[in-house]
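To start, the structure under review is shown below, and the notes come after it.
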Protein chains: 2
Amino acid sequence: MALLDLLGRRWILRILWELREEGLGFRGLQERCGRMSSSVLSQRLRDLANAGIVEQDAGGDYGLTAPGGRLLAALLPVYHWAEEWARSAGGARRKRTNSRPGVQR
Amino acid sequence: MALLDLLGRRWILRILWELREEGLGFRGLQERCGRMSSSVLSQRLRDLANAGIVEQDAGGDYGLTAPGGRLLAALLPVYHWAEEWARSAGGARRKRTNSRPGVQR
DNA sequence: CAGTATCCTGGACGATACTG
DNA sequence: CAGTATCGTCCAGGATACTG
């Protein structure tokens with residue numbers, strides 16, 4: 001279940017999403033992710049690269065590898081479900097959460 | 001992207017997986033998850049319930065709601081990819097991670 | 001068995017400064 | 001621009017004791 005752990009780490013899903021259609025450079029990725037810390041981005045990129053999900057092209061840009069692309073494809077239904085969920089349940093339901101409401105961790 | 005955050009939280013994917021085919025009681029779930037802390041399980045269950053993904057049946061067992069089932073379905077390709085990934089890349093590749101190798105966070 | 005209340009600790013994350 | 005090194009904070013998660 002190691003991969004699931006990787007996926008669970010903060011920013012990972014976001015990074016994959018941002019790379020869904022085009023390769024991006026370090027800074028480009030960073031700002032698309034709403035200013036995540038460069039140290040963290042660096043770390044994540046290394047992890048993803050070690051996992052063979054992401055790689056750098058000749059120009060230095062980051063992009064998905066073949067397996068990485070397949071992972072993204074597998075993830076699409078989830079991203080989709082997330083949107084839908086946000087639209088429906090997001091409004092209604094939602095009572096006491098006990099955990100703080102925003103993006104935390 | 002709130003849901004993605006929820007999914008990213010530790011144990012969540014695991015819990016959904018364990019509920020994939022049958023309802024389970026609190027303790028049952030707990031031990032299937034390799035002894036997660038009861039306090040955490042309680043928290044997670046509450047979060048999942050508030051999100052309308054999980055619910056308790058008359059007998060007190062936890063199970064997926066209809067949308068929860070759909071979420072699980074959307075997740076299947078990912079679980080599958082994870083297995084496959086563990087088999088292939090898990091052995092090869094994998095060099096310096098800088099983060100400790102095991103399940104952490 | 002089911003679930004809650006507390007306390008404590010590790011390490012993820014953010015900020016920042018710095019190198020090439 | 002690309003990436004690394006440091007450092008401090010904070011909180012998620014583990015352990016445990018306890019109630020119904």
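Computed from a prediction, not measured in an experiment: that's the story for all the values here. Letters A, B, ... are given to chains in the order of the sequence lines, protein chains preceding strands, and every chain is numbered from 1.
In this entry the distance linking CG of A:Leu41 with P of D:dA2 reads 10 Å, nearest Å. A:Arg32 has its CZ atom 17 Å from the C1' atom of D:dA2, to the nearest Å. Protein atom CG of B:Asp61 is 11 Å distant from nucleotide atom C1' of C:dA2, rounded to whole Å. Following rounding to the nearest Å, B:Asp47 (CG) and D:dC11 (C1') show an atom-to-atom distance of 15 Å. Atom CG of A:Leu45 and atom C1' of D:dA2 are 11 Å apart (whole Å).
Across A:Leu72 and A:Leu16, no two heavy atoms sit closer than the pair CD1-O, 3.9 Å. A pairwise comparison of heavy atoms in A:Arg32 and A:Glu18 identifies CD-OE1, 3.5 Å as the closest pair. Of all the heavy atoms in B:Ile12 and B:Leu6, the pair that sits closest is CG1-O, 3.3 Å.
No side-chain donor-acceptor contact under 3.5 Å links A:Trp11 to the backbone of A:Cys33.
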Inset, instruction - Give the B/S/- string for nucleotides 14-20 of chain C, one per nucleotide from 5' to 3', where a protein heavy atom under 4.0 Å of the base yields B, of only the sugar-phosphate yields S, and otherwise -. - result: BBB----
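The cationic atom of A:Arg20 (NZ for Lys, CZ for Arg) lies less than 6.0 Å from the six-membered ring centre of A:Trp17 and within 45° of the ring axis.
The nucleotide C:dT6 finds its pairing partner in D:dA15, both defining distances of the Watson-Crick or G-U wobble pair being shorter than 3.5 Å.
The side-chain contact (heavy atoms from CB on, under 4.5 Å) test with A:Val54 singles out one residue from A:Leu48, A:Thr65, A:Asp47, and that residue is A:Leu48.
Residue contacts shown for B:Glu31 are absent, as no nucleic acid heavy atom lies under 4.0 Å away. Within 4.0 Å (heavy atoms only), B:Gln30 reaches no atom of the nucleic acid at all.
Distances shorter than 4.0 Å separate none of the side-chain N or O atoms of B:Arg46 from OP1 or OP2 on C:dG3. For B:Gln43, no side-chain nitrogen or oxygen approaches OP1 or OP2 of C:dA5 to under 4.0 Å.
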